[in-house]
2 protein chains.
Amino acid sequence: MTAATETPKPHLLELLWRAAPETSRGPRKGLTVDEVVAAAIALADAEGLEALTVRRLAQSLGKAPMTLYTYVPGKTELVALMLDALFERMEATAVEGPWRERLAAVARDNYALYRAHVWAASAAPSRPPLGPGQCTKYERELQALEGLGLTDVEMDDALAHLLAFVRAAAQDAAQSEAEREASAQSDQEWWEANGPLLAKVLDVEKFPTAVRVGRAAGEAHDAAYNAEHAFAFGLERTLDGLAALIER
Amino acid sequence: MTAATETPKPHLLELLWRAAPETSRGPRKGLTVDEVVAAAIALADAEGLEALTVRRLAQSLGKAPMTLYTYVPGKTELVALMLDALFERMEATAVEGPWRERLAAVARDNYALYRAHVWAASAAPSRPPLGPGQCTKYERELQALEGLGLTDVEMDDALAHLLAFVRAAAQDAAQSEAEREASAQSDQEWWEANGPLLAKVLDVEKFPTAVRVGRAAGEAHDAAYNAEHAFAFGLERTLDGLAALIER
DNA sequence: ATCGTACTCTGTACTATATACAACGTACGA
DNA sequence: TCGTACGTTGTATATAGTACAGAGTACGAT
């Protein structure tokens, strides 16, 4: 084995941009990276990120588990590819209207994406690797901030801030949904089981404000609407916060 | 075995409030829930949440792995207990001064908590279970919003919004730090490896705004200070957003 | 004082994960 | 035509959470 023969692991960036050097020797590939990624997304969409195992994925593609490692160096890289593919195909509202509506649309598009692909919210780093999908998305979303008198750095800061809010909100929504499903208990059962203890322990003397506010919040939105409400409230606050910068 | 003999698994709430019914039969317990939780926190602080395994934790306590299941029903509950313990001991700035300073202090306290216990940011649900620590924290933090003319529901919304921002920011900071350490590459090495490809692929024609803004942002804050900057920027925006509600 | 039993503790075992490694076979380039 | 680079796969390893059953302990009832 000479030094020139060594083929280092393909970098993540090469994979993202599908820039791996082509080889012609050996048997034909039975799959493409895109097929693997698409199957992985389908699986994660249907059954969640924890159900996305190399075995299950290989099975759904009709291959042996280890075969996938020919296409993708490991699971980490696979998830990065899945995310970028999502960004690439993402549905986006056209950028138009006053700035507040434009940014609200960006937020809602992202929220819809994360709600449709729950796993993405927990998998996405705040600054995903620079794949084609991410770049396209970044470019498009920056348009919504163009011409508002912000510096370039402020544009980046503002967008990152908005997107971080959306991702957190989507993650919270998904989690509260998952918890409700997992606990298989109805609200009534839960209260029957835990109410007595809580009543004893949630001392109004000790937690006066918490009890008062907590009760009000609980009554206002029955748990089901909580997450959507939090998103709506948070979005208005976030846009108000950016307004202070933009309309300065 | 009669029905009356059955001892159902202790609910999480009972554990959180240390309200498990005492038993006197059998050998003395060699540990307490608090000791287990404290050891788990120490381990997670030192080596991260992924290093917190039942085996390692048991070893650090000088017990066999399965012994821990006498104290805690499972790992999920353990993490919940760890979080609540953290909240209980959390250092908090006194609530005083104008509202903006009070809320900024709440944010900074939470940020410091999550930066000191990196695992907590990723483990914490947005609405952690109602343990004593969580209640104490909620009560204290609501004080910072008292007397501002908000309704009870708005107080809850506003606090949740602020805390969600802080958690997301801390998570991002931790993640970018972890990535930098994991990749063991210096920035220079990274650019040498990936620069050529990026230069080819990041077409200025196709991504004009992205390239311009991305470059400006990259130059403005070298990656190391990025996260802290994002927190500072985001905090101001979040407080501005709440100001629109409070000073309405 | 004795004895049953509830309870702690522990060793073993099961299932499932990601993935390293080596064997096998294919088909291109020389 | 043949060597070799490479796709594919079976086997194997390390590590996870935790179910289960056996062994020993000490309180409470008798």
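In what follows, chains carry the letters A, B, and so on, assigned in the order in which the sequence lines appear, proteins first and then strands, with residues in each chain numbered from 1. Computed over heavy atoms, backbone and side chain alike; hydrogens, waters and symmetry mates excluded.
Spacing between atom OH of A:Tyr69 and atom P of C:dT17 amounts to 11 Å, rounded to whole angstrom units. Here the C1' atom of nucleotide D:dT15 and the CG atom of B:Leu57 are 16 Å apart, to the nearest Å. Distance B:Glu22 CD to D:dC27 P: 14 Å, rounded to the nearest Å. Put simply, CZ on B:Arg56 is 12 Å from P on D:dG17, counting in whole angstrom units. Rounded to a whole Å, the CG atom of A:Leu78 is 14 Å from the C1' atom of C:dT19. As rounded to whole Å, 15 Å separates atom P of D:dT15 from atom NZ of B:Lys75. Going from atom CZ of A:Arg55 over to atom P of D:dA12 covers 14 Å, rounded to whole Å.
Listed by first and then second residue, the salt bridge (Lys or Arg N to Asp or Glu O under 4.0 Å) pairs that reach into residues 52-76 of chain A are A:Glu47-A:Arg56, sequence neighbours excluded. Sorted by first and then second residue, the pairs that involve residues 123-142 of chain B and meet salt bridge (Lys or Arg N to Asp or Glu O under 4.0 Å), not counting sequence neighbours, are B:Arg127-B:Asp156, B:Lys137-B:Glu141. Identified under the salt bridge (Lys or Arg N to Asp or Glu O under 4.0 Å) test for residues 30-45 of chain A, with sequence neighbours left out: A:Arg18-A:Asp34.
A search for side-chain contact (heavy atoms from CB on, under 4.5 Å) contacts involving B:Ala80 returns B:Leu12, B:Pro129, not counting sequence neighbours. For the salt bridge (Lys or Arg N to Asp or Glu O under 4.0 Å) test, residues two or more places apart in sequence or in another chain that qualify with B:Asp172 are A:Arg167. When the ring-ring contact (aromatic ring centres under 6.0 Å, His included) test is applied to B:Phe165, the partners found at least two apart in sequence or on another chain are A:His161, B:Phe231. Shown here are the side-chain contact (heavy atoms from CB on, under 4.5 Å) partners of A:Ala112, two or more places apart in sequence or in another chain: there are none. With sequence neighbours left out, A:Val118 forms a side-chain contact (heavy atoms from CB on, under 4.5 Å) with A:Ala174. With sequence neighbours left out, the side-chain contact (heavy atoms from CB on, under 4.5 Å) criterion links A:Lys206 to A:Asp203.
Checking side-chain atoms of A:Asp84 against main-chain N and O of A:Gly133 turns up a donor-acceptor pair under 3.5 Å. Judged by distance alone, with hydrogens and angles left aside, the side-chain atoms of B:Tyr71 form no donor-acceptor pair with the main-chain N or O of B:Val36 at under 3.5 Å.
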N/O to N/O distances under 3.5 Å, protein versus nucleotides 28-30 of chain D:
from: D:dG28; atom 1: OP1; to: B:Ser24; atom 2: OG; distance (Å): 3.0

What does the list of N/O pairs under 3.5 Å between the protein and nucleotides 8-11 of chain D look like, with a distance for each?
from: D:dT8; atom 1: OP1; to: A:Gly30; atom 2: N; distance (Å): 2.8
from: D:dT8; atom 1: OP2; to: A:Tyr71; atom 2: OH; distance (Å): 2.9
from: D:dT9; atom 1: OP2; to: A:Ala64; atom 2: N; distance (Å): 3.1
from: D:dT9; atom 1: OP2; to: A:Thr67; atom 2: OG1; distance (Å): 2.6

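Scanning residues 37-51 of chain B for heavy-atom distances under 4.0 Å to DNA chain C yields an empty list.
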